[in-house]
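This report concerns only the one structure given below.
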Number of protein chains: 2
Amino acid sequence: MPYVMVQIPNTPAPTKSPAPRPVPTSADVARLAGVSRATVSYVLNNTSAVRISEPTRRRVQEAAKELGYVPHAAARTLRAGHSRMVLMPTLPVPAGPLYSQFVHDFQGALSRLDYTVVQYGATGLRGDDAARAWAELRPVAVLVPTPGIGPEGVAILKRSGARAVVTLSPVAVEGARSVRLDHADVGHSAAAHLYARGRRRIGVVVPEEPGMEVFSTPRLAGVRAALHGTDATVTELPLVYTEESAAALAARWRDLGLDAVFAYNDEYAMLLMRALQDEGLRVPQDVAVIGADDLVLGRLLRPRLSTVRIELPSGRDLAWLLDEAVRDPMAAPASHQQCVATVVHRDSS
Amino acid sequence: MPYVMVQIPNTPAPTKSPAPRPVPTSADVARLAGVSRATVSYVLNNTSAVRISEPTRRRVQEAAKELGYVPHAAARTLRAGHSRMVLMPTLPVPAGPLYSQFVHDFQGALSRLDYTVVQYGATGLRGDDAARAWAELRPVAVLVPTPGIGPEGVAILKRSGARAVVTLSPVAVEGARSVRLDHADVGHSAAAHLYARGRRRIGVVVPEEPGMEVFSTPRLAGVRAALHGTDATVTELPLVYTEESAAALAARWRDLGLDAVFAYNDEYAMLLMRALQDEGLRVPQDVAVIGADDLVLGRLLRPRLSTVRIELPSGRDLAWLLDEAVRDPMAAPASHQQCVATVVHRDSS
DNA sequence: TTGAAAGCGGTACCAA
DNA sequence: TTGGTACCGCTTTCAA
């Protein structure tokens, strides 16, 4: 039992040297102001159904300030039976610029709708265990930004009081509003593009960083699906996000005999493209390169980087979707949003 | 009163059509298993101080599973008087790769130490109000990754039970462990470098994206400080992170008469450098360019981008620091960590 | 081995 | 206009 927090109301700590003053409660405020806890609650929440005299009001506020009183969210939530917390599990990998922007917008929009967004540090739990961990916090809504939850998980959350569960997932999840987002589409688009441009021996970069498989596996699968039944071949290319790893891959490029590569995303594409060029290979003549995510930086390369742009819903739209779902959990989702993946053809492919 | 959660224990909802079953509690589990709530608690928490017979144990577990019981974190926290939650306010701007990586590591390390990290969506509150909002959650520790808290805020958090407050801040904050991190150092290093390379008319990119001033202001101030009293001039260059904005800036570059630019960070630097080159300016002959953050991608440019590397503490180190502070809040911080900014001189300056 | 009951900090009903 | 008080869900003595 690591941290015993000694709670000794109204009594200076006994012998322990660094007496940790107990946290002030509304009862302390009431006592200091000479009123009841009820009155404190009324004043501090500006309860409109109740009129409190101005002098009393002031006394309470001064007492609260003097004690440095801060209400206890857990107690309030417990009593109220609900909260305005929207929970979003953090990604299993460091976020890219696209996703960071999305989260930022999403949070901003929900703040304006008077929700509190909380990103919950994934503890390595999976599936239903993860759902249970989230459910312990009794959020009013949950946004799962990966295909990391099934109907079971959704049921757990709803049974625990969540009024809305929104997922970004390739398949609709029973009970949740799912915005369809399939990373296989990205791979599919990239592969179809390369194939249409006459490429047949196609490499696919697979990042070796742990956790990345959540995204890289479907992207690779999309490539395979697009090329299935054609005369094209698919070659997996493990790559770490370092210059050295890219150089090593480029060094054995001629042996691989590939004429195109889908580089997972723009960042890996930029890394690899530079290494290929340093190796004396011409892009796109010797090898076509395409990335994904349509980063600004990709446009700066020469040749300009072709990419697959994935149309994430704006954070604002998703916030509204979520709010609507919270307000009327039973309403059928108006329309099944879908994130489309479109090729942005520039000069590298 | 938007969401009235009707709690009718042991009674099917009355008339309301989509009967929202009340969330199951440990009392429900107890009832179904035919035991007391105490026993349920013992079983579900594997309380070692108490022996529960195997049959009872199983009955409880089955009842819990059948009801889909999930314990209520707020209730537990309230009763226990403390939690293992580490709160970290989200940045006011979308995170860059450097910070994303840091947060990821930090979370992973704290998870292993059995903490739960929660990124709290900033609601636009500032200073002490923000501190109060964080304090409502009664976190065991708070990491403030910006200079967004003062001694007052720290006091509020500590009075509310936080056993540790850690800040990444240019100045030590009374009561908190501060890892010294001053973005002015970044500007200072960049400016000193450019000056040493003989540059005298120095531009400083100032991102126009809202919220960015948290970082851009000190970086600019650092440049000014480094050049104060010399014969060099400093010119602010507002820039939006788009090709168009960069092109517009580059178009009037010759009129500006600058021979060097500190571009806020590597991403802006890459953007601007490309625009300058497209305008026919030679880097570094006509204009020296230096960024910051030492991104991998900067090394891929030609000329390779000079940069200022800022040595963030590793997430793991900071997690340990925090854990130590939690375990012994009174102990003086062993050593004042400091994030140094060092110039990585490559070819663009 | 199990149960009864107190109490964590707030809120909101009902009385005064 | 205010105070008393019964909860919210869970843990943890103390008794049985």
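Chain identifiers are assigned alphabetically (A, B, ...) following the order of the sequence lines, protein sequences preceding nucleic acid strands; residue numbering begins at 1 within each chain.
Atoms CG and CZ, from Asp28(A) and Arg37(A) in turn, are 10.5 Å apart once rounded to the nearest 0.5 Å. Interatomic distance, CD1 of Ile156(A) versus CD1 of Ile149(A), reported as 8.0 Å (0.5 Å rounding).
For the helix from dT1(C)-dA16(D) to dA16(C)-dT1(D), the end axes, each set by the C1' atoms of five terminal pairs, are bent relative to each other by 40° (nearest 10°).
Comment: Asp128(B) does not engage Arg132(B) in a salt bridge, judged by the lack of any side-chain N to carboxylate O separation of less than 4.0 angstrom.
Heavy-atom nearest nucleotides on DNA chain C were determined for Arg138(B) and for Val35(B), and the one closer to the 5' end corresponds to Val35(B).
Across residues 65-79 of chain B, Leu78(B), Arg79(B) each have a non-hydrogen atom less than 4.0 Å from an atom of DNA chain C (numbered order). Within residues 46-57 of chain A, the residues approaching DNA chain D are Val50(A), Arg51(A), Ile52(A), Ser53(A), Thr56(A), by heavy-atom distance under 4.0 Å.
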Would Val214(B) and Leu91(B) satisfy side-chain contact (heavy atoms from CB on, under 4.5 Å), going step by step from the backbone distance to the final call? CA-CA 10 Å; Val214(B) 186; Leu91(B) 288 187; over 6 Å; no
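In this structure, the ring-ring contact (aromatic ring centres under 6.0 Å, His included) partners of Phe106(B), at least two apart in sequence or on a different chain, are Phe102(B).
Using a 3.5 Å distance cut-off with no hydrogens or angles, the side chains of Gln107(B) and Thr90(A) do pair a donor with an acceptor.
Spacing between atom NE2 of His82(B) and atom C1' of dG7(C) amounts to 15 Å, rounded to whole angstrom units. Atom CZ in Arg37(B) sits roughly 15 Å away from atom P in dG7(C) (whole-Å rounding). In this structure, Glu136(B) places its CD atom 12 Å from C1' of dG10(C), rounding to the nearest Å.
Of all the heavy atoms in Val173(A) and Ser178(A), the pair that sits closest is N-OG, 3.0 Å. Among all heavy-atom pairs drawn from Leu78(B) and Ala75(A), the shortest one is CD1-CB, 3.9 Å. The nearest pair of heavy atoms linking Ser41(B) to Thr47(B) is O-OG1, 4.1 Å.
Considering only the side chain of Thr25(B), dG9(D) comes nearest among dT12(D), dG9(D), dT5(D).
The stretch residues 139-159 of chain A participates, sequence neighbours left out, in no side-chain hydrogen bond (donor to acceptor under 3.5 Å, both in side chains) pair at all.
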Please list, one pair per line, the donor and acceptor atoms closer than 3.5 Å that link side chains of residues 135-144 of chain B to other protein atoms, with sequence neighbours excluded.
from: Arg138(B); atom 1: NH1; to: Val70(A); atom 2: O; distance (Å): 3.4
from: Arg138(B); atom 1: NH1; to: Pro71(A); atom 2: O; distance (Å): 3.4
from: Arg138(B); atom 1: NH1; to: Ala135(B); atom 2: O; distance (Å): 2.9
from: Arg138(B); atom 1: NH2; to: Val70(A); atom 2: O; distance (Å): 2.6

